[in-house]
Amino acid sequence: MKFIPNTTIKQTMLNEIGFHTIDELFTDIPKKIRAKPLNLPKGLTQQQTEQKLRILAKKNQSYYDLPNFLGGGTKPHYVPAAVNSIISRSEFYTAYTPYQPEASQGFLQAMFEYQSIIAELTGMDIANASLYDGVTALGEAALMCTRINKRKTFLIPENISWEKKSVLKNYTLGAGLIIKEIPYDKKTGKLNIDILKKTIDEDTTGVYLENPNFFGIFEDDVQTIHALIQQKGSLFVVGIDPFSLGIIKNPGEYGADIILGEGRSLGTNLEFGGPGLGLFACKTEYLRQLPGRIIGLTKDTEGKQAFCMTLQTREQHIRRARATSNICTNEGLIALAALVHLSWLGSNGLEELSRINFQRGQSLAKEITSIKGFKTVFSGNFFNEFVIRYKGDTNTLHKKALQKGVQIGLSITKWFPALNQCLLFGVTELHTDEQIQHLLTVLREVA
Amino acid sequence: MYRCAIYDEPLLNELECCIPQEKKKPVAELPTTLQRTTPLHIPNLEEIQVVRHFLRLSQMNYGIDTGMYPLGSCTMKYNPKICEDISRWESFAAVHPNQDESTVQGSLQIMYELEQMLCEITGMNTFTLQPAAGAQGEFTGLLLTRAYHHFNGQNHRTDVILPDTAHGTNPASATMAGYTVTEIPSTQEGTVDLSVLEKTLSEKTACFMLTNPNTLGIFESDICEIQKLVHNAGSLLYYDGANMNAIMGKARPGDMGFDIVHINLHKTFSTPHGGGGPGAGPVGVTKKLERFLPVPRVIHSKNNYALDYNYMDSIGKIKGFYGNFSVLLKAYIYILMMGQDGLTEASEIAVLNANYMKKKLVDSKKYDLPYKEHRTHEFVLSCERLHQEKGIRALDVAKRLLDYGLHPPTIYFPMIVKEALMIEPTESESKTSLDNYIDALLKIADEDVQTVLNAPTNTKVRRLDEALAVKNPTFTWKMKQNTFTTEEKQTCCESAGRHH
Ligand SMILES: Cc1ncc(COP(=O)(O)O)c(C=O)c1O
C-alpha cells in the first residue's frame with residue numbers, strides 16, 4: 001500500500017489529457033540532470049515496517065525502563081489520557097494552518113483559548129499562538145526588544161543553558177545585537193544584582209531573567225531587578241516554568257514586559273527533546289512587534305462570534321523582508337495539547353501540581369544531601385531542580401548508576417567549570433516513591 | 001456532501017464550573033516576594049466537560065481525513081495512521097534528550113538513517129535534522145551562508161537575491177540572518193529571468209534562493225545556466241524544497257548544483273501539519289559547507305551511534321536539542337514504507353493529478369493559466385476573467401468551494417498572478433475526488449453571482465469581518481469581557497446622550 005489511489009488508472013488519465021507516458025510529464029527537466037533511480041530499498045508493507053520499528057524501539061530505554069532525574073529544564077511529566085484522545089482527532093492533527101477560517105473554527109477557537117490561558121498563567125495581556133520552542137522564543141524576544149526600543153545590548157544571566165546562548169547568538173547576529181552575560185552570585189546561585197546594576201545602561205534593550213533559573217533557584221529579588229530595568233527604560237523579559245506558576249507570582253505581577261518559556265511538558269511527552277512549545281506572551285502595547293501568529297475574535301456577516309488569524313501585516317506572507325519574524329509553521333498541535341492539559345487540571349489541579357513539584361524538589365534534595373559525599377552548592381530557594389556537588393568523579397557515578405538502572409542528574413561542569421563535580425537534579429510528580437528510593441539506594445551504594 | 005457540525009460552543013471559561021475553586025494558603029517555605037497571592041483563573045472542569053468541549057471543536061474543523069485539501073505549496077497528502085501509532089510508543093516518546101547515549105541507540109539510528117535517506121533523495125552530501133520547520137531551515141541555510149563567506153574572508157557579501165515568486169519566509173529569513181534582500185521579476189514564462197539575474201548578481205551577493213519547481217508549479221529548466229551564473233559570481237545557490245513532491249526520483253537539487261537545501265518533512269514526507277505545526281525542516285549541504293552545520297551531529301562507528309559536538313566551525317545551535325524527533329520518526333517510517341519505488345511513484349502521480357486537473361479546468365475556458373503551459377505537481381489559475389466579467393474574485397470562489405464541502409486551494413499566492421488559485425491535489429486523491437473538485441470549480445464559475453458572493457452558507461460561520469478583528473483587537477477571553485463591558489458602557493453613555 002503506497003497511499004496512491006490512481007496508480008492503476010494512470011494510463012487512462014494520461015490518455016485523457018493527451019499524454020502517452022509518465023515521462024512526458026517530466027520533459028522540462030533537462031536531460032543531463034535527470035536522476036538515476038534512487039538508491040533506496042524497495043518499500044516495505046506496514047506490517048514489515050512495524051516489525052522493523054519494534055527492533056529499533058528495543059534499542060531505546062524509555063523513562064519507564066530507566067527513570068531519570070535529569071535537571072536542565074526538560075523533565076518527564078504526567079500526561080492525562082484525555083490529552084492524547086483529543087489531539088488524536090484527525091480533524092485537528094491533519095489540518096493545515098487555518099487559512100480558511102470558516103472551515104477551521106474549531107482549531108481557531110482552541111488557539112484563542114490557548115492564548116487566553118497562557119496570558120492568564122503568565123499575567124500578561126496577550127500571548128501568541130506558539131513559537132518553535134522555549135529556546136528560540138528567547139531569540140525572538142531579544143529581536144522584539146530591539147524592534148521596540150532600537151537599542152542594541154541584550155543582557156542575559158550567565159547561568160542559562162548553553163543551547164539558549166548559542167541560539168540567541170544566531171538569532172541576533174543579523175540584527176547586530178551585543179549579548180552580555182551577568183554572572184550569578186556564587187553563594188546563592190541567584191543573579192548578581194550588583195553586576196547587573198553596573199552593566200545595565202541606556203543602550204540595554206532588554207534584560208532576560210529566568211525564574212526559577214537554570215540551577216532551579218528562585219530569583220526572589222524581582223522588585224529590585226525590575227526597578228533597575230525600569231530606571232534605564234529597558235524591557236524586562238522573564239523565562240518561566242509553567243509548572244511553578246501555580247504557587248509563585250506570575251511575572252506580570254512583578255513588572256515583566258515579555259514572558260517566554262518551554263511548554264512541551266504541558267501535555268506532550270519528552271519526545272527526545274522535540275517538538276517543543278515556545279510559550280510567548282507580552283503586554284498589549286508591544287502587539288505590533290509580536291512575532292508569530294495571533295488569533296483574534298470577530299464576528300461573521302450575521303453577527304455571530306467567530307475567530308480568525310489577525311494582524312497578519314506583521315507576518316512574512318504579507319510583510320516579507322520586513323516581517324517581525326520568519327516563522328510560518330509553528331507548534332499548533334503541541335499548543336492544543338497544552339491547552340487540553342491545562343483545562344483538565346484547572347486552577348486547582350495546577351496549584352496542586354506546583355506544590356507537589358516544589359515539595360518533591362525539597363525532599364529529594366534533603367535525602368540526597370543526607371548521603372555522605374553529596375552537598376548542595378547554593379543557598380537560594382529552589383523549585384524542583386537543584387545543584388549537587390559530589391565528592392568523587394561524577395562520570396563514574398553516572399556509569400555505575402546507569403548499570404543499576406537509573407539516570408542521575410545532568411553533569412554541568414563542561415558549561416560551568418567553576419561547578420566541578422556538580423550535577424543538576426530534577427524531579428516531578430511523575431517520579432514514583434519506588435523510583436526515588438531506588439535512586440537513593442543506588443547513590444548510597446555507589447558513593 | 002461534507003458539512004461540518006455546528007455548535008454554539010462556549011469558550012472554555014464560559015462553561016459551567018462544577019468544581020469550586022479551592023482556597024489554599026500560600027506555600028510558606030517560598031520567599032515571600034514570590035508567593036502567589038492572587039488566584040489563578042483557569043476554569044475547574046470535569047473531564048467529561050473538557051472532552052466534550054474539544055470534541056465539538058474538532059467537529060468544526062476540516063482536515064485531510066475530512067476531504068480533499070489542495071492547498072498549493074503545502075502538499076496536503078494523506079498521513080498514514082501507522083506513523084501516528086508508532087510515534088506514540090513509549091520507547092520513542094518517553095525518551096529524554098539527555099539520557100546516556102547508550103540508552104537511545106534506536107532514536108539515534110533512526111536519525112542517522114533518515115539523514116542518509118534524505119541525502120540520497122536530494123543528492124546532497126550531509127544533512128542536519130535540527131530545524132523545526134521550513135522557515136527555520138531557510139534561516140539555518142542563511143546562517144551557513146554567512147559562516148561560509150566569513151570563513152573565506154568574503155564578509156562583503158551582504159545581499160540575498162530571490163525571484164518575485166518566492167514564498168514570504170524566504171525574504172523574512174534572509175532579513176533575520178542580516179541580509180539585504182533583492183527581489184527580481186520573473187519572465188513572461190514565469191521563470192527566472194537570466195539576464196536580470198546576471199545583472200543583479202555581484203561581488204556583494206551571498207546567495208540566490210530558488211524554489212524548483214517554483215511556486216507557479218513550473219520547473220526552472222534553465223537551472224544549469226542559473227547555477228553557472230550564480231557560482232561564477234561567487235554566490236551560493238539555495239534550494240527551497242517545499243516543492244520536492246514534484247521531483248522525487250526524477251531530479252535532485254544536488255545534481256542541479258544547489259549548495260544548500262531545506263525540505264519540509266510535513267509536506268513531501270507526509271507528517272501531519274497539526275493545524276499549524278509541528279513540522280520539521282532538515283537542511284542538506286554540499287561538502288564545502290559541511291563543517292558549518294549545527295551541532296550536535298549524529299555519527300556512526302561500529303554499531304554505535306553518538307552525538308558529536310566537536311566541530312570548530314559549526315554555527316552552533318538553532319533550536320533546542322536535535323530537531324522535532326517525533327516528526328522525524330514519522331517521516332522515516334513513511335520513507336521506509338514508500339521505498340525507492342513508492343517515492344518515485346508518488347511524484348509521478350502527484351504531477352499526473354495536477355496536470356489532469358489543470359487540463360480540465362483550462363479547457364473549460366472559465367479559468368486562465370497565466371505563464372507557461374507545462375506544470376508539475378501544482379498549478380496556479382487566475383480568476384481574473386471571472387472577476388472582470390462577473391465581479392467574482394478568487395476569494396469568492398474559495399468561499400463557495402466551502403459550500404461544496406471542499407477545502408479551497410491557496411489563494412493570492414504567488415503574488416504575481418492576479419486573483420490566484422494555487423492548486424496542489426497531491427498523489428493521495430483518487431480520480432473521482434479530482435473530478436468532483438473540478439466539477440465544483442466549473443459549476444461555481446457558472447453560478448448566479450449573488451450565490452457566490454454570499455458564500456459560504458454551509459459552514460459554522462459565514463464570512464468574517466476581518467477588519468473588525470483588527471479594529472477591535474481581542475485575543476483572550478479577558479479582553480473579550482472588557483470589550484463587552486466597554487461596549488455596554490458606551491451604549492449606556494449614548495442613551496444618556498453624553499457623547500465625548
Ligand atoms: C515555498 C515555501 N517555502 C517555505 C515555506 C515555509 O515552510 P514552513 O511553514 O514549514 O516554515 C512554505 C510553506 O509554508 C512554502 O510553501
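Chain A is the first sequence line, chain B the second, and so forth, proteins listed ahead of strands; every chain is numbered from 1.
- In terms of modelled atom types and a separation under 3.5 Å, the side chain of B:H96 and the main chain of A:T74 share a donor-acceptor contact.
- The contact between B:P43 and chain A is made entirely by backbone atoms, counting heavy-atom distances below 4.5 Å.
- The cationic atom of B:K250 (NZ for Lys, CZ for Arg) lies less than 6.0 Å from the six-membered ring centre of A:F26 and within 45° of the ring axis.
- Without hydrogens or angle criteria, B:S58 side chain to A:E91 main chain gives no donor-acceptor distance under 3.5 Å.
- At distances below 3.5 Å, not a single donor-acceptor pair connects side-chain atoms of B:H167 with backbone N or O atoms of A:H317.
- Under the 3.5 Å distance criterion, the side-chain polar atoms of A:D28 are left unmatched by any main-chain donor or acceptor of B:S221.
- A donor-acceptor contact shorter than 3.5 Å links the side chain of A:E163 to the backbone of B:F321.
- Looking only at distances, a side-chain donor or acceptor of A:K304 sits under 3.5 Å from a matching main-chain atom of B:K460.
- Relative ring orientation between B:H374 and A:F19 is described as perpendicular, the plane-to-plane angle rising above 60° on a 0-90° scale split at 30° and 60°.
- Only the side chain of A:Q223 comes within less than 4.5 Å of a heavy atom of chain B; its backbone N, CA, C and O stay farther away.
- Classification of B:E183 and A:R320 as a salt-bridged pair holds, one side-chain N sitting under 4.0 Å from a carboxylate O.
- For chain B, the option among A:Q407, A:K10, A:K75, A:E331 with the highest count of heavy-atom pairs below 4.5 Å is A:E331.
- A salt bridge is defined here as a Lys NZ or Arg NE, NH1 or NH2 lying under 4.0 Å from an Asp or Glu carboxylate O, and A:E16 with B:K360 meets this definition.
- Only the side chain of A:V222 comes within less than 4.5 Å of a heavy atom of chain B; its backbone N, CA, C and O stay farther away.
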